[in-house]
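Keep in mind the model is a prediction, meaning the values are calculated, not measured.
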Amino acid sequence: MTLAPYACDPAKSRGRRYPQPPAPTRTDYQRDRDRIVHSTAFRRLVYKTQVFLNHEGDLFRTRLTHSLEVAQLGRSVARTLGLNEDLVEAIALAHDLGHTPFGHAGQDALNACMADFGGFEHNLQSLRVVDHLEERYPEFDGLNLTFETREGILKHCSRHHAEQLERVEPNGVGQRFLARTQPSLEAQLCNLADEISYNAHDIDDGVRSGLITLAQLHDVPLFDDFRQQTLAEFPQLLDKSQGRRLLYESIRRMLSAQVYDVISATQAALQAAAPADAQAVRELPPMIQFSAPMRDKSQALKRFLLQKLYRHPQVLQTVGKAQQVVRDLFERYLTQPDNMPDSHHRRLATARLTESLPEHALPRIVADYIAGMTDRFALREHERLTGLRLLD
């Protein structure tokens, strides 16, 4: 495939933190993707959940299925725009590697636990996983990914953490947050594909769970336009027994419309801005975008999901218990670090000698350990350490 001039070319990559010779049959971005797929953190995503926790059913989305859906959407758009599909796939598959168990509930709880020790950001943790925590190679820690993949993984970053990254890696992945420039188009695309994907699958999971209904979705134009379109073409789906087919077909059409909208709006933006190369993109406003009408509809869908699903009493009840699990684990490991595996003790000894704030070494390693847990492992550990079974 011929790349557009503003796409990331692996032959012009800013390289890896530890130089390595090129592979004979794969580009650097393909190697990044393969390293991510074979990582321990990637395999754990199968038991890390989104809205519905692991014990609530086998058919709800997990971080793994979500990451695959983001990669699929991203590659579809990248192919049409002439962007680098391999880089998009690598970023998409890695963007949630640092997420905690129990979805955003676990992240919020761990961030609160780490408030006095630098906080916790799951995007920064994903970078920490690929830069430091994976142990697969004899020459270095982490996966030693290219700059462009690492940049795309770090979707958000506070100024404080960006300054920390810049001190360790001058003009590295934290620099754009200080200079207020943009990442690559491939990274921008993964960001929007992430949003499109979770909005769609949260509708699916929400209806499957019974917490939201198709009738409630009549008030959401982005979904209901395609429900009506589907019924006009397939009136037999009015039968209640066909509700699942109606839901799936409506979501499929909704996803397609958003993909085509992003392609059209982005092509127009790129044509108007005419960036000469990938570097020129960084000085422009975000280029990967919805049209204004589609953006408004997407925002309305987000508001609906926040009010009707994410804040549903049943979800909030589960969230509270999940956050207690994280808090209890953090407190227990902080006061009794011997309950963690020996490998973490070895890391702790090294960190206390090398980190600028050695007193933060133990809390950070505890956070690393908890963030790496799957839902079910966290629950087992919590029961082992406290004797309590909070979620059946």
With distance as the sole test, does K48 use its side chain to make a donor-acceptor pair with the main-chain N or O of H99 at under 3.5 Å?
yes

Would you say that N191 contacts I288 through its side chain, given a criterion of any heavy-atom pair below 4.5 Å between the two side chains?
no

Would you name the heavy atoms of T149 and I36 that are closest together and state the gap between them?
CG2-CD1, 4.3 Å

Whether N123 side chain and L154 backbone form a donor-acceptor pair below 3.5 Å
no

Which heavy atom of R16 sits nearest to which heavy atom of T146, and what is that distance?
NH1-N, 3.5 Å

Who pairs with R282 by side-chain hydrogen bond (donor to acceptor under 3.5 Å, both in side chains), at least two apart in sequence or on another chain?
E151

Polar contact flag, side-chain donor to acceptor under 3.5 angstrom, D224-Q228
yes

Closest heavy-atom pair and its distance - V315, Y310
CG1-O, 3.6 Å

So how far is it from L231 CG to Q236 CD, rounded to the nearest 0.5 Å?
9.0 Å

Look at R244 together with D204 and state whether they make a salt bridge at an N to O cut-off of under 4.0 Å.
yes

Do D131 and R17 pass the side chain to side chain contact (heavy atoms under 4.5 Å, CB included) test, and can you show the C-alpha distance, the side-chain angles, and the key distance before you say yes or no?
CA-CA 9 Å; D131 279 359; R17 297 170 77 208; 3.4 Å; yes

Nearest 0.5 Å please: distance from the CD atom of Q299 over to the CZ atom of R303.
6.5 Å

With a 3.5 Å distance limit and no angle check, can you tell me whether Q323 reaches the backbone of K321 through a side-chain donor-acceptor pair?
no

Other residues, nucleotides and ligands only: do more than 12 of their heavy atoms fall within 6.0 Å of CD on E383?
yes

Under 3.5 Å, side chain of R364 to main-chain N/O of F117, donor-acceptor pair present?
yes

Counting only N and O atoms by type, is there a donor-acceptor contact under 3.5 Å from the side chain of N144 to the main-chain atoms of Y18?
yes

CZ of R75 to CG of D86, rounded to nearest 0.5 Å, is 5.0 Å

Side chain proximity check, V129 to I153, heavy atoms < 4.5 angstrom:
no

Should Y137 and L143 count as side-chain neighbours, where that means a heavy-atom distance under 4.5 Å?
yes

Sequence neighbours excluded, the answer for side-chain hydrogen bond (donor to acceptor under 3.5 Å, both in side chains) partners of R311 is none

A side-chain contact here means heavy atoms from C-beta on lying under 4.5 Å apart; do F304 and I203 qualify?
no

With rounding to the nearest 0.5 angstrom, report the CD to OG1 distance, Q188 to T266.
8.5 Å

Find the distance between CZ (R44) and OG1 (T374) and round it off to the nearest 0.5 Å.
8.5 Å

Where V326 and F102 come nearest, the two heavy atoms and their spacing:
CG2-CD1, 3.9 Å

Taking Y333 as the fixed residue, which of D328, N339, D338, I365 is the one that meets the side chain to side chain contact (heavy atoms under 4.5 Å, CB included) rule?
N339

Salt bridge or not between D277 and K12? Use side-chain N to carboxylate O under 4.0 Å.
no

Is there a donor-acceptor contact under 3.5 Å from the side chain of Q258 to the main chain of M254?
yes

Please tell me whether E121 and S158 have a donor and an acceptor in their side chains that are separated by less than 3.5 angstrom.
yes

Does any donor atom in the side chain of D194 or H66 lie under 3.5 Å from an acceptor atom in the other side chain?
yes

Is a donor on one side and an acceptor on the other found under 3.5 Å between the side chain of Q182 and the backbone of V281?
no

Between S67 and R63, is there a donor-acceptor pair closer than 3.5 Å when you use the side chain of the first and the backbone of the second?
yes

Please check if the side chain of S197 supplies one atom and the backbone of A200 the other of a donor-acceptor pair under 3.5 Å.
no

Taking it one step at a time, do D375 and T49 satisfy side chain to side chain donor-acceptor pair (under 3.5 Å)?
CA-CA 7 Å; D375 289 24; T49 43; 2.4 Å; yes

Please check if the side chain of E186 supplies one atom and the backbone of N84 the other of a donor-acceptor pair under 3.5 Å.
yes

Does L255 reach the side chain of E69, with side-chain heavy atoms less than 4.5 Å apart?
no

Could you check whether R327 pairs with E331 (Lys NZ or Arg NE/NH1/NH2 to Asp/Glu carboxylate O, under 4.0 Å)?
no

Would you call T100 and H122 a side-chain contact if the rule is heavy atoms closer than 4.5 Å?
no

Worked verdict on D342 versus R346 for side chain to side chain contact (heavy atoms under 4.5 Å, CB included)
CA-CA 6 Å; D342 290 343; R346 292 192 294 272; 3.9 Å; yes

Give the minimum heavy-atom separation between A71 and E89, together with the two atoms involved.
CB-CG, 4.2 Å

Just jot down the side-chain hydrogen bond (donor to acceptor under 3.5 Å, both in side chains) partners of Q242, sequence neighbours excluded, or say none.
R245

Does a salt bridge link D368 with R347, judged by any charged N lying under 4.0 Å from a carboxylate O?
yes

Rounded to the nearest 0.5 Å, what's the gap from CG on D9 to CD on E148? Could you check?
9.5 Å

Check A273 against L284 and note the closest heavy-atom contact, atom names and distance.
CB-CD1, 3.8 Å

Output, in order, the C-alpha distance, side-chain angles, deciding distance and verdict of side chain to side chain contact (heavy atoms under 4.5 Å, CB included) for V168 and L165.
CA-CA 5 Å; V168 175; L165 290 170; 6.0 Å; no

